[in-house]
Amino acid sequence: MLKTAIIGASGYTGAELALMVFKHPHLSLSGLYVSENSLDKGKAISELHGSLKGIVDEALQPLVNVNQVAKECDVILLATAHEVSHNLAATFLENGCVVFDLSGAFRVKKEGFYSEFYGFEHQYEAWLDKAVYGLAEWNAEAIAKAQLIAVPGCYPTASQLALKPLVKSELLDKNQWPVINATSGVTGAGRKASLTSSFCEVSLQPYGVFNHRHQPEIAAHLGCDVIFTPHLGNFKRGILATITTKLAKGVTEKEIQEAFEAAYTQTPAVRLLENEMPKIQSVEKTPFCDIGWKVQGEHLIVVSAIDNLLKGASSQAMQCINIRFGFPVLTALI
């Protein structure tokens with residue numbers, strides 16, 4: 001059994017991870033941690049997330065001695081803010097833990113990226129260089145050998161899974177950037193109360209236009225520039241990404257079908273839809289990404305749907321754990 005701790009366990013993704021670790025036949029939950037000054041310390045996680053009552057009732061402990069926790073664990077799941085993950089990861093890594101970071105702290109290896117998009121200077125360049133990007137369907141070989149896995153963001157997951165087969169097969173016109181319009185449920189903003197994510201205040205609207213931090217993450221790992229516009233929707237969970245692309249000259253519908261099938265026939269967490277478009281209802285509370293597409297002339301519209309808390313965060317982290325330690329990829333997920 002791999003002793004597993006969740007740091008930042010009080011949030012939505014932390015709660016999802018706690019349930020997955022509980023269900024996993026090869027993981028044991030060694031601790032649920034929050035910051036020392038958290039108002040949730042000492043509370044049972046099931047007090048905050050009622051769906052866990054009678055299943056995971058462990059108390060949330062303040063993270064006081066990071067070195068001690070590191071020495072007692074094999075696997076660390078960081079469901080913490082970006083700068084918190086940045087500050088904590090090295091201690092766990094230096095103690096030999098395998099770290100799965102759900103924040104953005106180790107996702108992008110680009111000079112000046114963190115000061116521009118995250119507001120802090122990265123202090124751990126050596127670990128950043130060693131970090132493996134945890135897009136499970138596309139990076140399994142590297143994930144299986146890594147000590148630090150940077151789990152992708154929810155928008156980048158939905159966008160890249162839809163676009164990577166097309167980019168890899170060189171089916172797109174490189175002179176016209178793919179245009180990604182994606183809408184997320186309010187849980188993507190986290191559990192802390194704020195006026196902008198208060199349900200009565202939420203209205204469908206774009207945000208982060210031309211300056212959202214996920215745009216450079218998508219472009220860096222996709223290998224091509226994109227126009228990315230996120231939207232906040234007035235629903236709880238899920239992401240729907242509608243992506244407009246221009247095809248390279250002479251590309252046929254058969255080639256598009258073959259590219260998607262070659263990429264995903266053997267990947268159980270991605271489902272290709274025939275003659276229908278994805279919808280959030282079909283992926284909500286599941287680890288799946290549904291992908292559909294339609295061609296008209298030289299243009300292709302690809303649509304993907306995921307649960308932002310699962311395939312966009314927690315279940316993708318669990319996929320990475322399964323890949324890293326040689327377990328069936330959907331263990332504890334279905």
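Numbers here simply count residues along the sequence, with the first being 1. The figures that follow rest on heavy atoms only: side chains count, while hydrogens, waters and symmetry mates do not.
Ionic pairing of Lys43 and Glu58 is not present here: no N-O contact between side-chain nitrogen and carboxylate oxygen is shorter than 4.0 angstrom. A salt bridge does not link Lys3 to Asp74: none of the charged side-chain nitrogens sits closer than 4.0 Å to a carboxylate oxygen. Using a cut-off of 4.0 Å between Lys/Arg side-chain N and Asp/Glu carboxylate O, Glu137 and Lys311 are scored as salt-bridged.
The shortest distance between side-chain heavy atoms of Leu310 and Met20 falls below 4.5 Å. Contact annotation: the side chain of Ile321 approaches that of Leu77 to within less than 4.5 Å [non-hydrogen atoms, C-beta and beyond]. Taking the side chain as every heavy atom from C-beta outward, Trp127 and Leu93 approach each other to under 4.5 Å. By the 4.5 Å heavy-atom criterion applied to side chains, Leu300 and Leu171 are not counted as neighbours. Considering only heavy atoms from C-beta on, Leu2 stays 4.5 Å or farther from His26 through its side chain. In this structure the side chain of Asp307 never reaches within 4.5 angstrom of the side chain of Thr286, judged on heavy atoms.
The number of heavy atoms from other shown groups lying within 6.0 Å of CG (Leu39) does not exceed 12. Other residues, nucleotides and ligands place more than 12 heavy atoms under 6.0 Å from the CD atom of Glu125. Counting non-hydrogen atoms of neighbouring residues, nucleotides and ligands closer than 6.0 angstrom, the NZ atom of Lys174 reaches no more than 12 such neighbours. Counting non-hydrogen atoms of other residues, nucleotides and ligands closer than 6.0 Å to CD of Glu170 gives a total of 12 or fewer. Surrounding NZ of Lys23 are more than 12 heavy atoms belonging to other residues, nucleotides or ligands, all under 6.0 Å away.
Taking the ring centre of Tyr118 as origin, the terminal cationic atom of Arg213 falls inside the region bounded by 6.0 Å and 45° from the ring axis.
No donor-acceptor contact under 3.5 angstrom links the side chains of Ser169 and Glu255, judged on distance only. Inspection of the Gln68 and Glu72 side chains reveals an N or O donor paired with an N or O acceptor under 3.5 Å. A side-chain N or O of His214 and one of Glu217 form a donor-acceptor pair less than 3.5 Å apart. Using modelled atom types, one finds no donor on one side chain facing an acceptor on the other under 3.5 Å when comparing Gln266 with Glu261. Side-chain contact annotation: Ser103 with Thr80, donor-acceptor N/O pair under 3.5 Å absent. Using a 3.5 Å distance cut-off with no hydrogens or angles, the side chains of Tyr114 and Gln123 do not pair a donor with an acceptor.
In this structure, the ring of His122 has its center no less than 6.0 angstrom from the ring center of Phe113. For His231 and Tyr207, the ring centers are positioned 6.0 Å apart or more.
Taking the six-membered ring where tryptophan is involved, the planes of His86 and Phe106 are essentially parallel, since the angle between them stays under 30° and well short of 60°.
Atoms CD1 and CZ, on Ile280 and Phe235 in that order, are 3.5 Å from each other to the nearest 0.5 Å.
Val34 and Leu63 are not part of a single hydrophobic cluster, where members link through side-chain heavy atoms under 4.5 Å apart.
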